[in-house]
Amino acid sequence: MLDRKFIIENVDLVRRNCKNRGVEVDLDRFVALENERKRLQAQWDELNRKANQVSRSIGKAKDAAEREAGKEEGRRLREQAAAVKAELDGVIQQLEAIGRLIPNLSHPDAPVGADATANRELFVGKTPKPQFDFPPLDHVQLGEKLGLIDLDGGARVAGHGFYFLTGDAVLLELALQRYALELLMAEGFTPAITPDLARNEILDGIGFIPRGPETQIYSIENTDLSLIATAEITLGGLLAGQTLEAEQLPIKICGISHCFRTEAGAHGRATRGLYRVHQFTKVEMFAFTLPEQSDQMLEDIRDLECQLFDGLGIPYRVVDTATGDLGGPAYRKYDLEAWMPGRGEYGEITSASNCTDYQARRLGIRFRRKGEKGTCFLHTLNGTAVAISRTLIAILENYQQPDGSVIIPSVLRPWVGKDRIAPRR
RNA sequence: GGAGAGGUGGCAGAGUGGUCGAAUGCGCCGGUUUGCUAAACCGGUGAGGGGUGAUAAGCUCCUCCACGGGUUCGAAUCCCGUCCUCUCCGCCA
């Protein structure tokens, strides 16, 4: 959510931004409603002022008659005030309904375009794409041969989109978690294992829609809880409603959680194997920063993602996401897309976003500077460290050998305890 | 799950119907005193939204004592619901 006052004072800027983002919003109506809001607010204030005055005078009334007259007057004023308040609440509700459609502003360097085809490739990682002198398998075939992924078992238990990781895949998952954690802790991130559920109001504050036809979220019946789609939700929610001291910032946390996604409407494309699944584990970076720190923090987070995947020896490219593909909260977003030989194309493997104060405003996360009056909303950023399922795809497919075995990336060997996964006999 | 207790400003902690946005202490900021530091003393010190003003300072109004409702001319104070915390019991990895 953007600041109401900002929107009013920068209508044209906001209008242009909505257009770049491919979002249709009735800004004229928003402006009209905001003017109406101010008018009603002033009216409500005035009625309250009078009513308060009357109430105070009753306490000091000298006889019963005067008291009764005051009560009558007070009742009348409070009634009027309540009517104005109801109207005011209605207007605020409409303002918020429109306001939540308005996306965040966009970084001036973000490529302008309607969708992912306008994304700008910035550079590629240190690892070249592998050259195979044999027909490479995809991760489903490899997972089958190596006893790593049981899709049939997952389907039997929970349906399509679920799976068992078995055997060395379990060690790989844990190794990837440890690998990411070691690197991030050295960079000042506090590790956390977060709840896998969160209140709907938190989901909403981060920018997810917990219910409704287009939701990507599983909700828990008869509660206001949902399964989280990413630890971004819980990590951002961690400080909801808090006011921090400026010198506490930046705060960097990396959280491990399971991620649950309904993937409604995503059937048909790339549904094979682990690429698009209903549950996976992820290590997520999250940062709370001062406004002037967030641009640099986004670069830092992206660099860490590059370090992680250069370290794993996985070929990837980095993409600057086009305005039309940013979603609501992001001001700028970088994706890492890993080379996936089984698909013969790049597939999104991490994503780093600077959400500026968009989420913080909805979640009520503020900071205070010493010696300055008032508080401001801080900035939030998030980035994937490792999304296990897709990273497994990239490892299996890029590290496969002619004999059907898969080499373990050297950085994972301390935790996997071997340097190669051999086919079952 | 059952039974109690409680949620007040950065913190601690008063306040049980009428200038209460809220005593007091601590902390913090400014000042006085002081070889230096500390102590002592004096003053200041919540947030949000309006009005006025220069998108300043200042002045002023409204709202906020977990959240949402209700009673009342008037609620931090009374009533109901929700959330959360603590204690005890039960259950359990």
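No experiment lies behind these values; they were computed from the predicted model shown. Every chain is numbered from 1 and lettered A, B, ... according to where its sequence line falls, protein lines coming before strand lines. Reckoned from all heavy atoms, side chains included, excluding hydrogens, waters and symmetry mates.
- Applying the 3.5 Å distance criterion, the base of G49(B) shares a donor-acceptor pair with the side chain of Asp45(A).
- Across all strands shown, U19(B) has no partner, as no Watson-Crick or G-U wobble contact with both distances under 3.5 Å is found.
- Rounded to an integer number of Å, the gap from Arg4(A) CZ to G48(B) C1' is 11 Å.
- Base pairing of G58(B) is made with U52(B), judged by Watson-Crick or G-U wobble geometry with both donor-acceptor distances under 3.5 Å.
- A gap of 11 Å separates the P atoms of C42(B) and C26(B), to the nearest Å.
- Across all strands shown, U37(B) forms no Watson-Crick or G-U wobble pair with both distances under 3.5 Å.
- Nucleotide G68(B) has C80(B) as its partner under the Watson-Crick or G-U criteria, with both atom distances under 3.5 Å.
- A perpendicular orientation is assigned to the rings of His278(A) and His160(A), their planes being inclined by more than 60° (bins at 30° and 60°).
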Worked check of side-chain hydrogen bond (donor to acceptor under 3.5 Å, both in side chains) between Thr321(A) and Asn119(A): CA-CA 5 Å; Thr321(A) 304; Asn119(A) 290 351; 4.8 Å; no
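- Pairing for C91(B) is absent, with no Watson-Crick or G-U wobble pair whose two atom distances lie under 3.5 Å.
- RNA chain B is contacted by Arg37(A) of residues 25-37 of chain A, taking any non-hydrogen atom closer than 4.0 Å.
- Nucleotides G46(B) and C28(B) are separated by 13 Å at their C1' atoms, to the nearest Å.
- Geometrically, Arg390(A) engages Tyr275(A) in a cation-pi contact defined by less than 6.0 Å to the ring centre and at most 45° from the axis.
- Using a 4.0 Å cut-off between a side-chain N of Lys or Arg and a carboxylate O of Asp or Glu, Arg332(A) and Asp320(A) qualify as a salt bridge.
- Applying the salt bridge (Lys or Arg N to Asp or Glu O under 4.0 Å) test to Asp89(A) and every residue at least two apart in sequence or in another chain returns Lys85(A).
- Looking only at distances, no side-chain donor or acceptor of Tyr331(A) sits under 3.5 Å from a matching main-chain atom of Tyr358(A).
- Residue pairs meeting the side chain to side chain donor-acceptor pair (under 3.5 Å) criterion with at least one partner in residues 304-313 of chain A, sequence neighbours excluded, are Glu305(A)-Thr350(A), Asp310(A)-Tyr316(A).
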Can you give me every donor-acceptor pair (side chain of residues 183-197 of chain A, partner residue at least two apart or in another chain, under 3.5 Å) with its distance?
| unit_1 | atom_1 | unit_2 | atom_2 | d |
| --- | --- | --- | --- | --- |
| Thr194(A) | OG1 | Thr234(A) | OG1 | 2.8 |
| Asp196(A) | OD1 | His258(A) | N | 3.0 |
| Asp196(A) | OD2 | His258(A) | ND1 | 2.9 |

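- Rounded to whole angstrom, the span from the CZ atom of Arg75(A) across to the C1' atom of C73(B) amounts to 7 Å.
- Using the Watson-Crick or G-U wobble rule with both distances under 3.5 Å, C11(B) pairs with G25(B).
- Side chain of Asn52(A) to backbone of Asn48(A): a donor-acceptor contact under 3.5 angstrom is found.
- At least one donor-acceptor pair under 3.5 Å links the side chain of Asp26(A) to the backbone N or O of Arg29(A).
- In this model, the phosphate group of U63(B) is approached by a side-chain N or O of Asn48(A) to a distance below 4.0 Å at OP1 or OP2.
- For the P atoms, the distance from U60(B) to U8(B) is 30 Å, rounded to whole Å.
- Across the C1' atoms, G25(B) and G18(B) are found 28 Å apart, a figure rounded to whole Å.
- Judged by distance alone, with hydrogens and angles left aside, the side-chain atoms of Gln400(A) form a donor-acceptor pair with the main-chain N or O of Glu397(A) at under 3.5 Å.
- At C62(B), one or more side-chain N or O atoms of Asn52(A) fall inside 4.0 Å of OP1 or OP2 (strictly under the cut-off).
- Within 4.0 Å of Arg366(A), counting heavy atoms only, lie sugar-phosphate atoms of the nucleic acid but no base atom.
- Remark: Glu182(A) engages Arg178(A) in a side-chain hydrogen bond (donor to acceptor under 3.5 Å, both in side chains) (not counting sequence neighbours).
- Side chain of Asp335(A) to backbone of Glu337(A): no donor-acceptor contact under 3.5 angstrom is found.
- Nucleotides G68(B) and U63(B) are separated by 16 Å at their C1' atoms, to the nearest Å.
- Between the C1' atoms of A47(B) and G21(B), the separation comes to 10 Å (whole Å).
- In this structure, Arg368(A) atom CZ and G27(B) atom P are separated by 18 Å, rounded to whole Å.
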Can you tabulate the close N/O pairs, meaning under 3.5 Å, that link protein atoms to atoms of nucleotides 53-60 of chain B?
none

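- The base-pairing partner of A75(B), taking Watson-Crick or G-U wobble contacts with both distances under 3.5 Å, does not exist among the strands shown.
- With sequence neighbours left out, the side-chain hydrogen bond (donor to acceptor under 3.5 Å, both in side chains) criterion links Asp45(A) to Gln41(A).
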Distance-only donor-acceptor pairs under 3.5 Å for side chains of residues 359-367 of chain A, two or more places apart:
| unit_1 | atom_1 | unit_2 | atom_2 | d |
| --- | --- | --- | --- | --- |
| Gln359(A) | OE1 | Thr380(A) | OG1 | 2.7 |
| Gln359(A) | NE2 | Ile206(A) | O | 3.0 |
| Gln359(A) | NE2 | Glu232(A) | OE2 | 2.8 |
| Arg361(A) | NH1 | Met1(A) | O | 2.7 |
| Arg361(A) | NH2 | Asp357(A) | OD2 | 2.8 |
| Arg362(A) | NE | Asp204(A) | O | 3.4 |
| Arg362(A) | NH2 | Asp204(A) | O | 3.0 |
| Arg366(A) | NH1 | Thr375(A) | OG1 | 3.4 |

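- The main-chain N or O of Asn104(A) is found under 3.5 Å from a side-chain atom of Arg21(A) such that the two form a donor-acceptor pair.
- Between the side chain of Asn10(A) and the backbone N or O of Phe6(A) there is at least one donor-acceptor pair closer than 3.5 Å.
- Atom pair Asp3(A):CG and G48(B):P shows a separation of 12 Å (rounding to whole Å applied).
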Which parts of nucleotides 75-83 of chain B does protein reach within less than 4.0 Å, heavy atoms only, written one letter per nucleotide 5' to 3' as B for base, S for sugar-phosphate only and - for none? --------S
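- Here G30(B) sits opposite C42(B) as a Watson-Crick or G-U wobble pair (both hydrogen-bonding atom distances under 3.5 Å).
- Put simply, the side chain of Thr281(A) never gets that close to the backbone of Ile388(A): no donor and acceptor are under 3.5 Å apart.
- Remark: C1' of U71(B) and NZ of Lys71(A) are 13 Å apart, rounded to the nearest angstrom.
- Taking atom P on both nucleotides, G2(B) is separated from G17(B) by 33 Å, rounded to a whole Å.
- Contacts between residues 82-99 of chain A and RNA chain B, counted as heavy-atom distances below 4.0 Å, involve no residue at all.
- Distances shown here put every side-chain N or O of Arg49(A) at or beyond 4.0 Å from the OP1 or OP2 atom of C61(B).
- Note: CD (Glu66(A)) to C1' (C73(B)) measures 13 Å, nearest angstrom.
- Residues passing the side-chain hydrogen bond (donor to acceptor under 3.5 Å, both in side chains) test with Glu201(A): none are found, sequence neighbours excluded.
- At whole-Å resolution of the value, CD in Glu201(A) and P in C67(B) are 13 Å apart.
- For the C1' atoms, the distance linking C89(B) with A76(B) amounts to 33 Å, nearest Å.
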Using a cutoff of under 3.5 Å, can you pull out all pairs of nitrogen or oxygen atoms linking the protein to nucleotides 15-23 of chain B, with atom names and distances?
| unit_1 | atom_1 | unit_2 | atom_2 | d |
| --- | --- | --- | --- | --- |
| G18(B) | N2 | Ser55(A) | O | 2.7 |

